Amino acid sequence: MKELDYTRMGTRIRQVRKAKGWSQDVLAKKCGISMSFLGHIERGTRIMSLETFVSICDALDADAGELLWGEVHPSDAVLDLWHPPGQGTQKEAGTDSYAMYVKIMKSVAEIMNEA
């Protein structure tokens, strides 16, 4: 099982934030957290809740795998191109998948806390 490296994860969050041209204050406000806490997250000195991680992913429009592990996946735009016409978009089809993903991530976090 991969071990989370919070310093690297924080660095990836900072890189995506800066690529968008946002200050820490802008991202913190979008996520409903303090700028100080975001600074700790970006330095890897504090561990965020799963809810905060999801908020950061949503605000940055970033894939969780990209922020957690540095694994880049095709964007939704590319996936939409693969989806047959008239059958909705990948994003529409993925709404239930996202809810399931959040449930799975919560379960993984609980298991990791027990270990």
Side-chain angles (χ1 to χ4, degrees):
M1 179 166 75
K2 291 182 185 178
E3 187 173 321
L4 287 174
D5 183 333
Y6 292 99
T7 302
R8 284 183 156 177
M9 184 179 6
T11 299
R12 288 188 285 269
I13 290 169
R14 179 183 298 115
Q15 289 170 339
V16 175
R17 173 183 59 77
K18 285 186 173 187
K20 290 186 172 289
W22 294 352
S23 66
Q24 282 184 331
D25 189 50
V26 169
L27 179 57
K29 285 179 181 174
K30 289 179 178 285
C31 297
I33 60 175
S34 72
M35 191 171 72
S36 172
F37 184 49
L38 179 60
H40 281 286
I41 291 169
E42 288 186 351
R43 289 187 302 278
T45 56
R46 299 244 333 254
I47 298 172
M48 67 191 119
S49 69
L50 183 58
E51 287 78 11
T52 299
F53 179 69
V54 170
S55 293
I56 290 172
C57 288
D58 285 344
L60 293 174
D61 194 27
D63 181 76
E66 176 185 358
L67 296 181
L68 286 170
W69 314 113
E71 297 171 356
V72 180
H73 300 284
S75 71
D76 287 340
V78 172
L79 292 174
D80 285 345
L81 294 175
W82 298 340
H83 204 68
Q87 294 184 8
T89 65
Q90 182 72 24
K91 225 174 206 173
E92 290 166 350
T95 303
D96 290 335
S97 297
Y98 180 76
M100 180 60 73
Y101 174 77
V102 170
K103 287 179 184 177
I104 291 169
M105 289 301 293
K106 283 183 179 181
S107 297
V108 169
E110 288 173 9
I111 292 168
M112 289 179 71
N113 285 333
E114 292 172 4

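All figures in this text were calculated on a predicted structure; none of them were measured in a lab.
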Is there side-chain contact between [X] and [Y], with at least one heavy-atom pair below 4.5 Å?
| X | Y | answer |
| --- | --- | --- |
| L60 | R17 | yes |
| L68 | D63 | no |
| I13 | L27 | yes |
| I41 | I33 | yes |

Determine the minimum heavy-atom distance between [X] and [Y], stating which atoms define it.
| X | Y | answer |
| --- | --- | --- |
| L38 | A28 | CD2-N, 3.8 Å |
| A64 | C57 | CA-SG, 3.9 Å |
| M9 | M48 | SD-CE, 3.9 Å |
| W69 | L4 | CH2-CD2, 3.2 Å |
| L67 | R12 | O-NE, 2.9 Å |

**Report entry** R14 CZ to E42 CD distance, which is reported to the nearest 0.5 Å
**Finding:**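 CD of E42 is found 5.0 Å from CZ of R14.
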
Query raised in the report: When rounded to the nearest 0.5 angstrom, what is the spacing between SG in C31 and CZ in F53?
Result: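 Separation between the atoms: 11.0 Å.
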
Query raised in the report: If you draw a 6.0 Å radius around CZ in R8, do more than 12 non-hydrogen atoms from other residues or ligands fall strictly inside?
Result: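 At most 12 heavy atoms, drawn from other residues, nucleotides or ligands, come within 6.0 Å of this atom.
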
**Report entry** K20, NZ atom: more than 12 neighbouring heavy atoms under 6.0 Å
**Finding:**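 Yes.
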
Query raised in the report: Within 45° of the six-membered ring axis of W22 and under 6.0 Å from that ring's centre, is NZ or CZ of K30 located there?
Result: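 Because its charged atom sits under 6.0 Å from the ring centre and within 45° of the axis, K30 does stack over W22.
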
**Report entry** Donor on one side chain, acceptor on other, S55 and T52, under 3.5 Å
**Finding:**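 No, no side-chain donor-acceptor contact under 3.5 Å.
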
